Amino acid sequence: MADKKIIVFACGAGINTSTIAMELIGAELKNRGFTNVELVRINMADIERWLDRLSVLVEMTRSPRPYGVPTVKGFPFLTGDKEGQKQVIEQIVNYIS
Amino acid sequence: MEAIGKFFSWFIGLGPTVMMPIVVFIIGIAFRAGWQRALRGGITVGIGLAGLFLVVDVIVNAMKPATEALAARLGLQLTLVDVNWTDCAVAWGWPGMAGVFVGIIIVNAIMILLRLTKTMWTDVWSYWHGQTFGAFVWALTGSLPLGILAGVLFLAINSIIADPLAKTVAEFNGMPGISVPCSPSSNFSLLSIPLNRIVDRIPVLKDIDASPEAIRKRFGIFGELSVLGAILGMIIGLAAGYNLAKILQLGMQVAVIMVLLPRMVGIISEGLVPVTQSVITFMRERYKGREVYVSVDCAVELGGAGVMESSIILYPLTVLLAAILPGNKLLPIASLSEIPFYAGAVAPFTKGNIVRTVLIVLILTVPVLYVATALAPVHTEAYRLMGMMTNEIAAGAQVASVDMGGDLLAGILIQPFRLFAQR
């Protein structure tokens, strides 16, 4: 079995905005048949401990500095911008397939 | 009529963990989220509420004796139990929840049509601030309609405050077209404008800043709430005169609170996602072609320049401030997780200057602590009505929090409602 791909959703408090993106992106990835993915929502302050394990970082707030990992911005899932959401999903799919 | 009344009191008597799944399910159906998602969402909200009730027990068991011992030993008046975001259980569990929910969507629509605001209240999660205020007014007056009115009014005022701030906040956080209406962030943003102007006139102070890299390198670990909680817990235990075993135990208990409280709140938010999506889609279609802002959760402000670094400096300073502030009765520990939100609200207006952000947040925390102290009786009554901490409250415990318990707009807006207070 191939290693699980970890997608980390990081927002300010690990409460709301990361949850919204995680729910929606998770559902879409499932639809597209990606089952070997683990979705994690975290507080951006805790990002360091995930850096060496994650496949994609979905930022729901700006990260304090660039981390050199595959990163996408999840804002369209907060604003309901459908076009933007599609692009984000495509970017994530690119990183994990 | 009597039968309807009887049904409602039976329904409310079911308790929030049963009542709210049903209410959220109905709201989900009404906003066309689909019955499966509505059902799952409703049950998830109930689970989150139940989780919060569990965390309340930890908070009470760990923090109440500790703060009491600390206060007695140092001769302080810090008698209130800091419940922080446990208020979300009141917000999403009080009987006026559906009323405020539907009410603000209607009132916001009217306000946008009349051009009274440009901010669409798409950020369903943040209704909780208005919900909590509504529950406070319900606890104060005993009137559900007044509580619902107060909650809707609170959110409507929030959107008006957010309008002039939106462009600066959007630009600073790199999210064009957004607005952050939720209190207390909008209040802090608004008040930071005059305060920042005052700093501009103070020689020396106006020219200094701190280096974010140096702070992050040396103290970054204290920005992680688990570590911060453990260390603060141990310091409090030490100051309270605990023995070593109890000091270590308190450290872990505070770490537990810091990590589990937001997790539980997150479960409630998870349950609301289907409804949130429906509301966003509904509003975007309705107001196409108008110049409107999409409201988003204040959490998006936490990644702003200097926010995390300012918070790290603010954590210990806030505790010290609370300890020395005469007349204040709240020692914010669990509530420290609100600090980054304050810094995030202020930073766009100081252009990320850490020294200024820290200074302005500290200044604004003074009235926050007084509001939290003043609202404690109403806050506690709301908890009692919700059946939370029943035994402790009967024994004289009072609760408070920094976020909604100390919200400045709430502190002002509750005054007219005091005319309708019970007793």
Side-chain angles (χ1 to χ4, degrees), chain A residues 7-31 39-51 57-69 71-89, chain B residues 37 85 88 122-126 128 172-178 212-213 216 220-221 223-226 228 259 262-274 276-277 279-281 283-284 294-309 311-312 337-338 340-341 344:
Chain A
I7 305 179
V8 170
F9 298 79
C11 76
I15 295 184
N16 179 41
T17 58
S18 54
T19 307
I20 291 178
M22 186 171 95
E23 290 285 307
L24 298 170
I25 291 174
E28 181 58 26
L29 289 179
K30 219 186 212 173
N31 276 345
L39 309 179
V40 186
R41 74 166 178 240
I42 64 157
N43 185 328
M44 188 62 93
D46 298 338
I47 181 70
E48 308 266 344
R49 64 178 83 161
W50 290 96
L51 287 177
L57 167 64
V58 183
E59 288 181 350
M60 303 308 293
T61 182
R62 281 186 175 175
S63 52
R65 60 187 172 86
Y67 290 108
V69 294
T71 305
V72 297
K73 291 188 189 301
F75 302 146
F77 291 90
L78 299 184
T79 58
D81 163 16
K82 297 271 168 10
E83 263 319 295
Q85 293 179 2
K86 267 183 212 152
Q87 287 172 15
V88 172
I89 300 265
Chain B
R37 298 179 73 210
W85 291 326
C88 289
T122 41
D123 174 20
V124 170
W125 170 254
S126 294
W128 85 265
F172 187 73
N173 291 293
M175 291 182 68
I178 62 141
E213 285 77 24
R216 214 181 299 133
I221 186 92
E224 299 192 22
L225 286 173
S226 52
L228 176 76
V259 174
R263 289 278 159 89
M264 298 306 178
V265 177
I267 297 176
I268 302 180
S269 140
E270 202 179 308
L272 290 169
V273 170
T276 307
Q277 286 316 304
V279 170
I280 293 177
T281 313
M283 287 191 181
R284 283 185 75 107
V294 181
S295 73
V296 295
D297 190 295
C298 44
V300 303
E301 295 180 327
L302 271 65
V307 172
M308 202 186 283
E309 295 80 5
S311 306
I312 293 169
S337 42
E338 175 65 14
F341 289 88

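First the proteins, then the strands, lettered A, B, ... as listed; each starts at 1. Keep in mind the model is a prediction, meaning the values are calculated, not measured.
The contact between A:Thr17 and chain B is made entirely by side chain atoms (from C-beta outward), counting heavy-atom distances below 4.5 Å. Using a 4.5 Å cut-off between heavy atoms, B:Val273 contacts chain A through its side chain alone, with no backbone atom that close. Of the atoms belonging to B:Thr281, it is side-chain heavy atoms, and not backbone ones, that fall under 4.5 Å from chain A. Heavy-atom distances place the side chain of A:Asn43, and not its backbone, under 4.5 Å from chain B. Only the backbone of B:Glu301 comes within contact range of chain A, judged by heavy atoms closer than 4.5 Å. Within the 4.5 angstrom heavy-atom criterion, atoms from both the backbone and the side chain of B:Val265 approach chain A. Neither the backbone nor the side chain of A:Lys73 comes within contact range of chain B; no heavy atoms are under 4.5 Å apart. With a threshold of 4.5 angstrom between heavy atoms, B:Thr276 approaches chain A through side-chain atoms but not through N, CA, C or O. Contacts between B:Ser226 and chain A at a heavy-atom distance below 4.5 Å involve the side chain alone, from C-beta outward.
Top candidate by heavy-atom pairs under 4.5 Å with chain A, chosen from B:Ile268, B:Ile178, B:Val307, B:Ile280, is B:Ile280.
When the options A:Met44, A:Arg49, A:Glu48 are evaluated for a side chain to side chain contact (heavy atoms under 4.5 Å, CB included) with A:Asp46, the one that passes is A:Arg49.
Annotation for B:Leu302 and B:Pro340: closest pair CD2-CB, 3.7 Å, computed over non-hydrogen atoms.
Using a 4.5 Å heavy-atom threshold, the side chains of A:Leu29 and A:Ile7 count as touching. Side-chain contact between B:Cys88 and B:Trp125 is present, with at least one heavy-atom pair separated by less than 4.5 Å. At least one side-chain heavy atom of B:Trp85 sits under 4.5 Å from a side-chain heavy atom of B:Glu338.
Here the straight-line distance linking atom CE of A:Met60 with atom CD1 of A:Ile20 works out to 7.0 Å at 0.5 Å rounding.
Looking at B:Ser295 and B:Asp123, their side chains never bring a donor and an acceptor atom within 3.5 Å of each other.
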